[in-house]
Amino acid sequence: MLNVSEFEPRQGSLQSVGDTLKDHHKERHINEILSYVDREAFVSQRKIASEMGVALGLVNTYFKRCVKKGLIKMQQVPSRRYAYYLTPNGFAEKSRLTAEYLSWSLTFFRRARGECAELMMQAKRRGWRHVGLAGRSDLAEIAIISAADQGVAVAVLVDASVHNAKVLGVDVVAQVHDVPFEPDGWIVTDILHSQDVYDALVAHAGAARVLAPALLSVRMARAEACT
């Protein structure tokens with residue numbers, strides 16, 4: 001089970017806060033896939049990808065990982081289809097991941113909510129009326145909620161892997177250049193590739209117009225570092 005200390009760097013450990021978030025983000029996807037297979041043996045990877053709102057290739061990658069680890073058994077059936085079954089190890093792993101996620105998500109939500117609220121207050125102090133988010137994740141949804149609380153409008157969410165048209169009422173586009181109008185500033189909400197996303201946004205809009213929650217452990221331009 002996880003607690004607040006999971007978000008703090010441990011002495012002698014190379015794993016950062018951002019790395020911990022990435023690990024849990026991946027584990028959540030695996031848990032979702034195990035749950036789909038548990039409910040329906042003949043579920044297709046394409047259907048799972050559609051319902052999760054992620055790329056088919058990502059789901060295929062996680063399926064292969066689960067099969068390799070002995071969590072899912074795959075069996076070919078007539079009409080060139082496949083049936084998927086959870087192994088005993090798969091059932092045990094699903095239970096472990098569910099319990100771990102419930103514990104971690106509460107800690108994550110508390111910290112993320114506080115940091116997103118602070119970012120939105122910074123945005124208001126800078127005169128930003130509209131912000132763009134980069135990266136579909138739990139963090140993005142918390143940022144959207146926090147923005148509404150602070151009276152800041154989230155104009156758009158950018159994420160190339162998301163196939164849903166909207167997230168909590170916010171339009172989703174694949175690339176920054178697809179944004180209908182340029183927001184006043186940007187906030188990084190991508191968990192898996194936060195540093196790359198930050199660097200790309202800085203190249204696009206300049207460091208003065210990009211913020212990121214501290215929990216992502218992004219190496220930010222000195223003048224824009226968030227605390």
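The basis for the numbers below is simple: all heavy atoms, side chains too, and nothing from hydrogens, waters or symmetry mates.
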Let's go through R126 and L211 carefully: what are the C-alpha distance in whole Å and the side-chain angles of both, what is the deciding distance for side chain to side chain contact (heavy atoms under 4.5 Å, CB included) to 0.1 Å, and is it a yes or a no?
CA-CA 11 Å; R126 296 181 183 202; L211 297 172; 3.5 Å; yes

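Remark: R125 engages E118 in a salt bridge, criterion side-chain N to carboxylate O under 4.0 Å.
Listed by first and then second residue, the salt bridge (Lys or Arg N to Asp or Glu O under 4.0 Å) pairs involving residues 142-153 are R113-D149 (not counting sequence neighbours).
With sequence neighbours left out, E40 forms a side-chain contact (heavy atoms from CB on, under 4.5 Å) with V43, K47. With sequence neighbours left out, the side-chain contact (heavy atoms from CB on, under 4.5 Å) criterion links K64 to N60. In this structure, the side-chain hydrogen bond (donor to acceptor under 3.5 Å, both in side chains) partners of E182, at least two apart in sequence or on a different chain, are W186, H204, R209. Partners of V173 by side-chain contact (heavy atoms from CB on, under 4.5 Å), not counting sequence neighbours, listed by chain and number: V156, V158, D178, V179. Every side-chain contact (heavy atoms from CB on, under 4.5 Å) that D184 has, sequence neighbours left out, goes to W128, R129, H130.
By the rule that hydrophobic residues join a cluster once side-chain heavy atoms approach within less than 4.5 Å of another member, V152 and M121 end up as members of separate clusters.
Looking only at atom types and distance, the side chain of Y84 has a donor-acceptor partner in the side chain of Q45 under 3.5 Å away. For the 3.5 Å distance criterion, the side chains of E27 and N31 fail to qualify, holding no donor opposite an acceptor.
The two atoms that bring A140 and L133 nearest to each other are O-CD1, 3.7 Å, heavy atoms only. Closest approach of P213 to I187, counting heavy atoms only: CD-CG2, 4.4 Å. Between A160 and Q175, the closest heavy-atom pair is CB-NE2, 3.9 Å.
In R46, the CZ atom is not crowded: 12 or fewer heavy atoms of neighbouring residues, nucleotides or ligands sit closer than 6.0 Å.
Stacking of R39 on the aromatic ring of Y36 is recorded, both the 6.0 Å distance cut-off and the 45° axial limit being met.
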